[in-house]
Q: 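The following block contains the structure, expressed as structure tokens.
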Amino acid sequence: MSSVAAFDSASSVRQALQARIGAMQSTKLEEQGFAVLPQLRSLLPRGLRRGSVYSISGSTTLALALVAEASRQGEWCGVLGEPDVGIEAAAEWGISLDRLVCVHDGGERWVTTLAAMTDVLGLVIARPPRALRSLSPAESSRLSARLRQSRSSVLVLGDWPEAEASLRVAKTEWSGLGAGHGNLGSRRMRIDVRGRGGEGALRQATLIVPVRP
């Protein structure tokens, strides 16, 4: 039997082409970034780019907020090297605890552990150990290649060479407190973001964080 497809009419050709175009369109849709909360879309209009690393500074809460919408939509997420991430805080953002994998300490093989997590998880929040001052160019290249293949993204708590973008909590304000009285109602964080290498226009947004009574 021949492996070459045969078409008996123009209609068959048209149907085959339509099916092929439909498959290509589906693939393009899948290339869209990981969705983010409405509050953060002005910072990341296309979401978190797949296969990329983002640098987060100033707040673990920001990292949780960034993965919240993708988790709600069914993505598996992970946390590496940050044992202080609160499970309750994650749940309040709507992160599915059933699809959250936490590894408290990657040890001396932190980079290897991170790479293994990105093979199976869509988004990983990761804090490098203090001993890991920087990646070698070879390690950075290998990790980048692995992310492109797995289409996963990493949110690094701290600086990272050649990050897709850097997001920073520039200012925090609390509401609900009066002059020595009242209860905390919410926290407002002003988020600044710049593109790779600090290039591009500075974008800003406000993230409102409810405070538990």
Q: Just so I know, are the side chains of I56 and I125 near enough to count as touching, which here means a heavy-atom distance under 4.5 Å?
A: no

Q: Tell me whether R190 at atom CZ has more than 12 heavy atoms from other residues, nucleotides or ligands lying less than 6.0 Å away.
A: yes

Q: OG of S55 to CZ of R194: how many Å apart, nearest 0.5 Å?
A: 13.5 Å

Q: Does any pair with a residue in residues 110-129 pass side chain to side chain donor-acceptor pair (under 3.5 Å), and if so which ones, sequence neighbours excluded?
A: E82-R127, D119-R146

Q: Could you grab the distance from atom CD1 of I95 to atom CG of L64, nearest 0.5 Å is fine?
A: 4.5 Å

Q: For the CZ atom of R50 and the CZ atom of R151, what is their distance to the nearest 0.5 Å?
A: 4.5 Å

Q: I need the E164 CD to S153 OG distance, nearest 0.5 Å.
A: 8.5 Å

Q: Examine distances only and state if a side-chain atom of R196 and a backbone atom of E162 form a donor-acceptor pair shorter than 3.5 Å.
A: yes

Q: Could you work out, with side-chain hydrogen bond (donor to acceptor under 3.5 Å, both in side chains) as the rule, every residue matching S152, not counting sequence neighbours?
A: S150

Q: Which atom names give the shortest non-hydrogen contact between W160 and V53, and what distance separates them?
A: CD1-CG1, 3.3 Å

Q: Taking side chain as C-beta onward, heavy atoms only, is R187 less than 4.5 Å from T61?
A: yes

Q: Kindly write out the residues that satisfy side chain to side chain contact (heavy atoms under 4.5 Å, CB included) with V169, not counting sequence neighbours, or none if the list is empty.
A: S59, L62, T172, M189, I191

Q: Just verifying a value: how many Å separate D98 CG and W76 CH2, rounded to the nearest 0.5 Å?
A: 7.5 Å

Q: Which residue is it: L114, L80, V156? I am looking for the one with a side-chain contact (heavy atoms from CB on, under 4.5 Å) to P128.
A: V156

Q: How close do C102 and I87 get, heavy atom to heavy atom, and via which atoms?
A: SG-CD1, 4.5 Å

Q: Taking atom CD of E75 and atom CG of L100, what is their separation to the nearest 0.5 Å?
A: 13.0 Å

Q: Provide the closest heavy-atom pair for L155 versus A63 in the form atom of the first, atom of the second, distance.
A: CD1-O, 3.8 Å

Q: Provide the full list of salt bridge (Lys or Arg N to Asp or Glu O under 4.0 Å) pairs with a residue in residues 62-71, sequence neighbours left out, each pair given once.
A: E69-R72

Q: Identify, with sequence neighbours excluded, every residue that meets salt bridge (Lys or Arg N to Asp or Glu O under 4.0 Å) alongside R203.
A: none

Q: Please list, one pair per line, the donor and acceptor atoms closer than 3.5 Å that link side chains of residues 34-44 to other protein atoms, with sequence neighbours excluded.
A:
residue	atom	partner	partner atom	Å
Q39	OE1	I208	N	2.8
R41	NE	V36	O	3.3

Q: Kindly write out the residues that satisfy salt bridge (Lys or Arg N to Asp or Glu O under 4.0 Å) with R168, not counting sequence neighbours, or none if the list is empty.
A: D192

Q: Run the side-chain hydrogen bond (donor to acceptor under 3.5 Å, both in side chains) test against T60 and tell me which residues pass, sequence neighbours left out.
A: none

Q: Return yes when atom CD of Q204 has more than 12 non-hydrogen atoms of other residues, nucleotides or ligands closer than 6.0 Å, and no otherwise.
A: yes

